[in-house]
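Nothing here was measured: the structure is a model prediction, and the numbers come from that model.
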Amino acid sequence: MANTKVKKGKEKKKMKGFGSAVTSQVKRNTEDLREGRAVSLEFFKRNAWLIIAIITALIGVMGLRYRTKTRMSEIKTLNRELQCAESEKLHEKAWYMTLIRETELTRLTTEKKLGLRYQEEPPVVIECEGLKPNSKQ
């Protein structure tokens, strides 16, 4: 038991040594900050590769974000153009289908010699004095 007490006492002394080293380092750092020596030339010399790597990574991330935003805006404009083109395609298809039906009907009427033709003007309703247009006389 006596040995364990001695060991605990030595551990406490070591801990005090570690704590005092940390506190002295913190005091030195705060003094350096107050005197303006926190970022010295030696700091940059020691950490030059790390600083260059961090700056390169930041520039790369900014470039990636810019490229992503520009491509997203390009995608939005292309989607709008696509919707307009699809709408126009449907309109043209409907117009084409009406023309096909009309030409097919005229071809069939001439082939069967029915004597029918496409009327350009709407029908005219003629009213007589004694008759109403909707009557069945």
Side-chain angles (χ1 to χ4, degrees):
M1 270 202 204
N3 290 340
T4 57
K5 288 183 181 178
V6 173
K7 286 182 182 178
K8 287 183 182 177
K10 287 182 181 178
E11 286 178 15
K12 286 183 181 179
K13 285 183 182 178
K14 287 182 183 177
M15 290 297 282
K16 285 184 181 178
F18 177 74
S20 63
V22 170
T23 55
S24 66
Q25 183 68 30
V26 169
K27 284 181 183 178
R28 266 189 264 128
N29 288 340
T30 54
E31 286 175 14
D32 287 345
L33 277 174
R34 279 186 273 167
E35 295 174 6
R37 294 180 298 188
V39 184
S40 64
L41 185 60
E42 292 299 320
F43 172 79
F44 286 109
K45 284 181 182 177
R46 279 181 287 160
N47 300 312
W49 291 108
L50 179 65
I51 293 170
I52 291 171
I54 290 172
I55 290 173
T56 305
L58 287 174
I59 290 173
V61 168
M62 288 179 356
L64 183 64
R65 184 173 178 191
Y66 174 76
R67 188 174 354 137
T68 303
K69 284 193 172 224
T70 55
R71 287 186 178 171
M72 288 296 289
S73 65
E74 185 180 349
I75 288 171
K76 284 180 183 178
T77 57
L78 291 174
N79 277 336
R80 270 189 251 124
E81 287 179 23
L82 179 64
Q83 287 175 349
C84 290
E86 286 176 348
S87 174
E88 190 173 334
K89 180 191 87 164
L90 288 174
H91 177 71
E92 292 295 323
K93 182 179 178 182
W95 178 250
Y96 178 71
M97 292 305 286
T98 59
L99 290 178
I100 287 177
R101 287 187 200 120
E102 185 179 319
T103 55
E104 186 66 20
L105 283 175
T106 55
R107 186 187 64 80
L108 284 174
T109 55
T110 55
E111 189 177 284
K112 303 288 182 184
K113 297 181 182 169
L114 296 175
L116 300 174
R117 62 180 178 85
Y118 180 73
Q119 187 174 349
E120 298 279 336
E121 298 175 8
V124 179
V125 178
I126 302 173
E127 293 183 22
C128 295
E129 289 181 16
L131 300 174
K132 293 182 181 177
N134 294 334
S135 66
K136 294 183 180 179
Q137 291 182 359

Practice task
Indicate yes or no: does R107 engage E104 in a salt bridge with an N to O separation below 4.0 Å.
Solution key: yes
Report the distance from atom [atom1] of [X] to atom [atom2] of [Y], rounding to the nearest 0.5 Å.
X    : Y    : atom1 : atom2 : answer
I54  : I59  : CD1   : CD1   : 12.5 Å
N79  : E74  : CG    : CD    : 11.0 Å
I75  : T68  : CD1   : OG1   : 9.5 Å
L108 : T103 : CG    : OG1   : 9.5 Å

Exercise for the section: Look only at the side chain of S87 and the backbone of Q83, and say whether a donor-acceptor pair between them is shorter than 3.5 Å. Expected result: no
Handout entry: Connected-component partners of I52 among ILVMFWY, side-chain separation under 4.5 Å
Key = none
Practice task
Could you tell me which residues satisfy salt bridge (charged side-chain N to carboxylate O under 4.0 Å, His left out) with E121, sequence neighbours excluded, listed by chain and number?
Solution key: none
Exercise for the section: Flag yes if more than 12 heavy atoms outside E88 fall under 6.0 Å of its CD atom; otherwise flag no. Expected result: no
